[in-house]
Amino acid sequence: MSSSTIQEDLDEDVYHCDFTTASEWEIFIARLEEIIHEWKLSSSNANLLKPLKPGQLSSRNWVSKCENIMFADFQFSITRYSLTNEDDGETPESENLRDNDDENVKLQALEDMMHIDNDFIPVVYNDNISHPHVLARLYSLREFIVINPSSSAVAKYIAEESKIKILLSSICIAINNCSCEVPVFIQALEPWRNFHLGLCEGRGIRAEFEMVHLKKVPQDCKHLTGLLNVFKSRLGMMSGSEGEPVRVSAKFSYSLTDWTSYSWSQEPPNFELLQGEIGVEELGTLPFGASMEPVSELILHAVWPEFLETALVDSQAYSDLEPQRATNWFLSARMVDEPACLLSEYMFEILELCRSQHSMHEFLGDFMQQDSGPPLTTPFDVLTESKVPNIGKVIGQSFGHSRRDRSSRGPISNDMLMPILYFLFPDADNSQDSVRSPYPETIGNAMNREPNMAESTIGNGFKSAPIDGLVWRLAVVMAHAVHTLGGTKAAAHLWYEFCQELRFRWNNGIKIPGVAPGFPDLKMCLLNQKLQMLNCCIERRNAVTNAALASAKASGNSDESEEEEEEEEDDEFYDCAMSEEDVAKQTTVEKSKPIHSLWNRPVGRLCRHGNLKLLNSDEFLYIPITQEATPKTEDQIDEDAEVLLNLGSDIQGSELRTQLMSASLLSDIESFKAANPGAVLEDFIRWYSPRDWIEDKEPGEDGSVKGTLSSRMQIPGNPWLEIWSVAKPVPARRQNRLFDYTREAEKVLHRLDLSQPSDAARLLLCPLLHASLLRLVQQALPIEMPGLISAIKHISSKAETLFRVCEKDINRYAEICKEVAHAEAMIGQVASLEHKLCPGTGQTWQMKKFLSDLVVEPEVAVPGGPHSDIGKRIKSMFAEARRVVLMTNEADQDSSDGEKSKSKSSGLHGAIFPKPTEKEFILRVRAACQNSFLVMPHRLTVQLGPNGISMAGCFSQDTTFQ
Amino acid sequence: MDPMSGATEPKWQKDAADQNFDYMFKLLIIGNSSVGKTSFLFRYADDSFTSAFVSTVGIDFKVKTVFRHEKRVKLQIWDTAGQERYRTITTAYYRGAMGFILMYDITNEESFNSVQDWVTQIKTYSWDNAQVILVGNKCDMEDERVISFERGKQLAEQLGIEFFETSAKENINVKAVFERLVDIICDRMSESLDSDANNILSGQKGTRLTEGQGPQGAHNPNCNC
């Protein structure tokens with residue numbers, strides 16, 4: 001093993017020694033051969049592969065390998081491009097192809113070159129790198145090598161003819177030495193010219209690849225006739241001589257940029273026009289799609305796949321190559337960069353608002369001060385008016401109430417504002433018998449989201465708000481306000497009115513609609529949680545006032561319990577409705593047997609706890625009415641957690657935490673004591689933490705239950721013992737409130753009041769993004785563009801994560817919006833193309849594929865060709881654009897009469913299309929020419945475009961009989 | 001016994017104050033009352049055991065920093081009260097937890113029967129990517145066992161989570177449970193980081209939205225010679 005490596009080392013040394021006397025040229029050739037061997041391209045006995053199927057040159061994947069190679073001190077990179085062989089086991093058949101054919105020798109590269117199925121393949125440019133390589137297009141090659149100046153080379157390109165010659169002859173020597181049949185090219189001149197010269201040799205054939213670029217097109221090269229002459233003269237064929245006729249493929253391209261009546265446009269919703277008639281439709285939906293034409297150009301490619309030079313004429317005087325008569329039509333669409341799209345505009349404007357530095361006051365100033373009257377007066381109203389708000393009476397006053405005497409107008413006019421507010425708070429609208437835009441009854445009920453819709457898989461984990469709930473609607477309406485109702489000012493105004501309405505509702509005890517009932521749902525966004533919190537507060541306070549009213553009534557009727565009720569109206573205490581049973585029990589107990597003296601009469605009983613009896617008496621054990629749990633929003637929970645964490649993780653911290661957490665335990669114990677006079681801690685534990693009561697195996701002599709507390713409950717000084725010992729029998733309704741609803745409600749309202757426009761926008765960002773993603777999916781579904789839905793899902797999951805971690809950086813959300821914008825643009829492009837090419841409902845699957853391919857693919861075949869419906873549609877688009885051009889020309893001037901008459905004369909059937917922007921020809925012939933006796937393949941690819949003419953030819957010759 | 005669990009008080013305080021860590025995981029221990037949650041946590045964090053810990057009032061926590069995959073992972077472990085009355089308080093802390101240790105007592109049928117309930121609680125109140133391990137505690141009390149290992153195992157499989165039987169008293173599997181939980185969370189995290197890396201890649205391309213297609217607008221169907 002080791003000896004062999006030494007041997008190799010020695011060899012290498014010898015090898016290197018040789019180079020000391022070799023010229024730089026020889027070193028270059030040796031390295032070239034080395035690389036060719038390394039890439040295993042030296043086998044000359046390879047069989048011919050099956051001809052490629054149409055389009056495979058662009059649809060299959062290309063692989064490339066790259067090495068560095070030095071010529072003296074100039075660094076080149078050498079790259080091998082090859083099409084992957086993904087054929088489904090068809091390769092074995094190819095073996096015979098070479099044998100059973102005629103005596104002519106064949107090279108893979110030249111056979112590929114002569115095959116017409118991959119003519120005019122589209123090339124996509126990405127950062128100036130084409131895919132596939134331009135050479136694949138110019139010569140229909142499936143494998144080739146390119147040597148070009150390395151990007152790190154001093155000189156970026158080679159231009160001197162002598163250098164090019166040296167390189168080409170080096171290649172010639174190398175590929176002959178290795179018998180490599182893969183064509184090798186060098187790139188010369190500036191890279192953007194894509195100028196390549198190359199060589200392919202083997203089996204007695206040498207094919208040279210040449211190129212010519214001319215900025216100014218010679219007159220006789222503008223048409224096929226002239227080009228045929230050029231081709232033939234290069235081959236040394238006499239124009240009238242015998243031999244196989246030249247086979248021609250042609251492609252003419254026509255550009256269409258004037259859309260005339262086929263143009264796409266879409267207005268954003270205009271609420272001014274809809275005045276008074278604004279409904280759920282307009283307010284509740286985000287606009288979608290391109291607002292201006294998203295397609296900048298359509299290019300029609302008319303293709304004649306192959307005809308004999310004698311079959312069709314294309315000369316300066318006359319041309320058979322009329323696009324209507326082409327065999328195939330292809331279409332390319334070019335798009336406007338960053339087209340104006342409504343949904344993404346909405347999103348970006350809200351993001352802009354999130355970044356805004358302005359304060360509410362800056363926008364609303366006087367308006368706010370003037371309006372600060374009502375909130376001050378309402379508390380007095382509450383005091384003086386009936387304590388129980390008459391919902392019907394109050395709701396009618398809702399917004400009108402504070403707005404009636406307003407002299408100055410806010411940024412949003414009243415006409416506009418009222419429908420919006422009625423949309424957000426539909427229960428306030430008593431102008432009609434039925435509510436116009438009621439909230440879905442299932443709000444917040446996750447089970448009720450449509451299960452089999454694809455959109456339900458989007459945004460389920462969003463920290464958003466219930467779909468079509470209040471926060472959702474507010475977010476959408478806010479976006480409308482920013483976009484169409486007056487920008488940031490309008491947004492500030494809307495937010496202000498929203499806060500005013502919330503305060504009005506709190507003051508009057510009217511619940512907020514469109515919010516799921518119950519405690520704040522921590523999976524929803526913060527604003528939704530805050531509104532749920534506010535509803536909790538309103539509910540609790542209403543319960544208290546109702547209870548007070550009920551008991552006031554009761555005390556009016558019966559004087560028995562008057563001594564108990566004297567303090568009933570004091571809000572400081574936790575209030576809970578007295579159960580019927582409670583009252584009933586009280587009276588019956590009193591009447592039957594006065595076991596409780598007045599001072600320890602049981603109060604605040606909820607129900608009996610099974611058949612359990614108190615340990616020390618014959619009384620049943622009653623579960624007390626307890627204070628309800630305290631609702632909290634996520635920011636409050638985080639604050640609480642922060643407080644607990646800051647106490648530290650040691651024992652003292654732990655004890656302090658226990659103290660902080662024991663308020664509810666104390667409350668429960670006090671309620672329990674009040675409901676069960678004479679109870680002991682054991683009784684409480686049997687209800688509250690039954691596993692801490694260990695019953696004796698055998699019941700006592702009298703059948704009574706005996707047992708002990710668990711050892712942990714007996715630990716001296718443990719919080720349960722201590723709290724039990726200090727707790728007094730106080731029913732829940734006489735205790736201090738654990739949940740101070742007045743304070744909590746004020747906190748919520750205050751926080752919302754103090755929100756600046758940017759805060760408000762941030763609070764609404766998630767529901768808005770959620771809404772726009774749903775809108776996106778809704779629009780994307782019918783298009784059936786491959787990959788689009790999954791791309792949207794990807795955006796959605798990214799957004800979900802951002803909102804979960806409460807990402808503060810608005811730029812991160814902007815990235816998401818950019819992706820939304822991109823998806824929206826694509827959908828808009830499809831819509832515009834559909835409008836142009838195949839308007840109407842119910843597109844077939846093929847049509848949908850055609851449209852989405854047009855958006856993502858460089859070139860798409862027109863299904864059915866020129867005579868299909870789409871073909872006719874394209875023709876009429878061109879015709880209309882042409883008519884417009886002619887009309888303006890005529891109107892413009894009367895000069896160049898000759899031109900005009902010419903266009904008119906050809907206008908009979910040719911005027912539909914303008915002059916082709918680009919013409920391409922591929923000329924092929926198998927002929928024996930010049931000094932050769934063998935029939936050899938030759939090809940010339942010509943492109944005639946606005947930048948001049950470019951010809952790429954491959955001419956073969958016989959190396960044996962030269 | 002365990003070099004990594006700082007047994008002495010001062011060291012603990014130092015760790016708690018130490019902000020020098022690579023990751024912080026919030027974990028929760030939940031389960032019925034008196035299944036041994038507090039003992040379990042004390043065994044892990046302090047390597048101590050007392051037969052009777054005070055019944056937790058509300059919620060408490062401990063911190064421990066461990067090394068896992070060459071990273072310092074700070075564990076913030078919340079210990080919860082199991083009594084029914086504390087549900088609303090404790091479930092509020094589920095949010096943001098990356099892992100749960102769901103505990104029952106192998107000597108108590110009721111605590112085992114409640115497992116499904118607790119799983120529902122987790123599903124309702126935590127983020128959906130939180131990791132859960134089922135733990136049957138007090139496996140030292142073989143004489144009083146009512147839940148066989150197989151039943152626990154079966155339930156865990158049914159729930160699609162991992163399962164351990166442990167003893168805080170005898171220090172069986174306590175460390176293993178936490179290490180496994182940290183590992184699962186790390187795995188999950190690197191998965192999502194990977195997918196995030198892909199996101200960034202696709203983000204850089206920017207215009208490329210659908211698979212295998214060039215950006216529209218940039219394409220030039222014709223060679224630019």
Side-chain angles (χ1 to χ4, degrees), chain A residues 122-126 134 137-138 193-194 213 253 299 332 334-335 337 461 522 629 632 634 637 641 644-645 648-650 654 657-658 661-662 664-665 668 688-689 691-692 710-713 715 718-720 785-788 791 794 798 804 815 822-823 826 855-859 918 943 945 950, chain B residues 9 12-13 15-17 32-34 45 51-63 76 78 81-89 92-96 108 110-111 125 127-128 192 195-196 199 202-203 206-207 209-225:
Chain A
V123 170
V124 178
Y125 281 86
N126 227 343
V134 282
R137 182 176 205 275
L138 290 175
R193 288 186 192 271
N194 274 321
H213 289 323
S253 303
I299 302 160
S332 305
R334 290 192 200 190
M335 307 302 175
D337 287 337
L522 304 183
K632 285 199 169 146
E634 66 183 29
I637 291 167
L644 295 182
L645 285 170
S649 60
D650 53 359
S654 189
R657 269 190 290 279
T658 304
M661 306 288 296
S662 56
S664 72
L665 182 58
D668 287 347
Y688 207 81
S689 183
R691 285 211 65 202
D692 284 303
S710 66
S711 53
R712 65 176 183 172
M713 282 298 172
I715 298 171
N718 88 64
W720 299 73
M785 185 186 284
L788 185 57
H794 189 72
K798 262 207 276 189
R804 250 184 220 187
E815 284 165 25
H822 189 66
M826 286 182 127
V855 170
V856 291
E857 303 276 2
E859 214 173 283
E918 198 159 49
Q943 288 182 307
S950 129
Chain B
E9 205 61 43
W12 258 115
Q13 281 175 328
D15 267 6
N32 274 14
S33 153
S34 78
S51 59
F53 277 103
V54 169
S55 178
T56 310
V57 176
I59 195 155
D60 198 2
F61 81 98
K62 283 201 169 290
V63 212
Q76 189 188 84
W78 292 83
Q83 284 89 358
E84 186 66 36
R85 285 284 296 166
Y86 283 110
R87 283 279 172 96
T88 19
I89 295 176
Y93 289 83
Y94 284 22
R95 198 176 58 94
N108 181 266
E110 198 192 336
S111 71
Y125 295 104
W127 292 126
D128 48 15
S192 65
S195 72
D196 213 49
N199 288 353
S202 65
T207 44
L209 196 84
T210 46
E211 295 138 344
Q213 317 294 359
Q216 83 279 29
H219 73 241
N220 180 350
N222 300 305
C223 162
N224 233 355
C225 297

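In what follows, chains carry the letters A, B, and so on, assigned in the order in which the sequence lines appear, proteins first and then strands, with residues in each chain numbered from 1.
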Which region of [X], side chain (C-beta onward) or backbone (N, CA, C, O), has a non-hydrogen atom less than 4.5 Å from a non-hydrogen atom of chain A, or is it both or neither?
| X | value |
| --- | --- |
| B:I89 | side chain |
| B:F61 | both |
| B:T88 | side chain |
| B:Y86 | side chain |

Min side-chain heavy-atom separation [X]-[Y] under 4.5 Å:
| X | Y | answer |
| --- | --- | --- |
| A:Y688 | A:L665 | yes |
| A:V856 | A:M826 | yes |
| A:V855 | A:M335 | yes |
| B:S55 | A:N718 | no |
| B:V57 | A:W720 | yes |

Check your understanding: Taking every heavy-atom pair that is under 4.5 Å apart, which of A:A629, A:S664, A:S711, A:S654 has the most such pairs with chain B?
Key ->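 That would be A:S654.
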
Practice item. Just give me the residue among B:E110, B:R85, B:E84 that pairs up with chain A most often, heavy atom to heavy atom, under 4.5 Å. Key: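 Option with the top pair count is B:R85.
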
Review point. Can you tell which of B:G82, B:A52, B:G58, B:S34 has the highest number of heavy-atom pairs within less than 4.5 Å of chain A?
Key: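 Looking at each of B:G82, B:A52, B:G58, B:S34 in turn, B:S34 comes out on top.
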
Review point. Chain B heavy atoms under 4.5 Å from A:L644: which part of the residue, side chain, backbone, both or neither?
Key: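 Both parts, heavy atoms under 4.5 Å.
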
Point to revise | Which atoms of A:E815 approach chain B - backbone, side chain, both or neither, heavy atom under 4.5 Å | key: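 Contact with chain B: none, neither part.
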
Practice item. Give, for atom OG of A:S950 and atom CG of A:N194, the distance between the pair rounded to the nearest 0.5 Å. Key: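 Atom-to-atom, A:S950:OG and A:N194:CG are 9.5 Å apart.
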
Exercise for review: Can you measure from CD (B:Q76) to CG (A:L645) and round to the nearest 0.5 angstrom?
Suggested key: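 Output value for this atom pair is 4.5 Å.
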
